[in-house]
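Working notes, beginning with the structure itself.
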Amino acid sequence: MAFTQLPLPYDFNALEPYGMKAETFEYHYGKHHKAYVDNLNKLTDGTELADKSLDEVIKTTFKDASKVGVFNNAAQVWNHTFFWNSLKPAGGGTPTGELAARIDKDFGSFDKFKEEFSNAAATQFGSGWSWLIDDGGTLKVIKTPNAENPLAYGQKALLTLDVWEHAYYIDYRNARPAFIKNFLDQLANWDFAAQNLAKA
Ligand SMILES: [Fe+2]
């Protein structure tokens with residue numbers, strides 16, 4: 001069965017009032033994300049990997065020198081779907097409930113978390129991702145290069161920000177810090193993060 005590109009959880013123009021243009025989604029979702037799906041299907045067509053779940057493909061090809069292309073495309077398919085869900089119109093603000101309590105416990109405060117997350121996103125050299133994760137019961141911020149993700153590392157992802165240049169160049173040109181600030185102020189989907197935290 002071929003791997004598919006899941007629909008965006010909102011319209012292309014839904015985030016325009018919150019700092020991300022429809023043009024960003026025309027390229028980032030319509031071209032970059034789609035290309036990862038198409039490449040993954042080309043690379044796995046006719047192989048035993050074609051019948052595995054996307055999660056299984058990512059876990060089984062990570063660190064396999066003969067499957068670098070499969071891993072990179074599979075992980076980028078997963079990462080982008082996770083990223084679209086990490087954004088929502090009129091997001092940002094502060095989390096509530098269990099997630100807020102866990103952030104306070106493990107980072108000291110929500111402001112400390114924001115500082116750590118912003119720093120990870122700003123200092124990921126070149127292409128990659130910044131993540132809030134649950135690592136065996138402790139919430140942490142990590143950054144990953146290229147396509148690597150918490151799923152491959154055996155950790156649970158809660159929220160992510162794509163810091164590949166293609167993620168912000170249309171809206172922010174080279175100003176990655178402005179893109180990061182806007183994500184935390186207006187886009188971060190804390191409901192999605194809370195749902196991920198609650199998953200077994
Ligand atoms: Fe991306």
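Along the sequence shown, residues carry numbers from 1. Start at 1 and go down the list; that is how both ligands and their atoms are numbered.
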Next item on the list: Please list, in chain and residue-number order, the protein N/O/S atoms closer than 2.8 Å to the Fe ion (ligand 1).
Entry: H28 NE2, H80 NE2, D162 OD2, H166 NE2
Check: Between D134 and K140, is the closest basic N to carboxylate O distance under 4.0 Å?
Finding: no
Check: Given side chains that start at C-beta, do those of T4 and V37 come closer than 4.5 Å, heavy atoms only?
Finding: no
Next item on the list: Please identify each residue that fulfils salt bridge (Lys or Arg N to Asp or Glu O under 4.0 Å) with K181, with sequence neighbours left out.
Entry: D185
Note to self: Between N39 and A35 (side chain of the first, backbone of the second, donor and acceptor by atom type, cut-off under 3.5 Å), is there such a pair?
What the structure shows: yes
Notebook entry, point to check: Looking at Y18, F25, W84, which one forms a ring-ring contact (aromatic ring centres under 6.0 Å, His included) with Y10?
Noted result: F25
Notebook entry, point to check: In terms of side-chain heavy atoms, does T24 have a donor or acceptor partner in D171 at a distance below 3.5 Å?
Noted result: yes
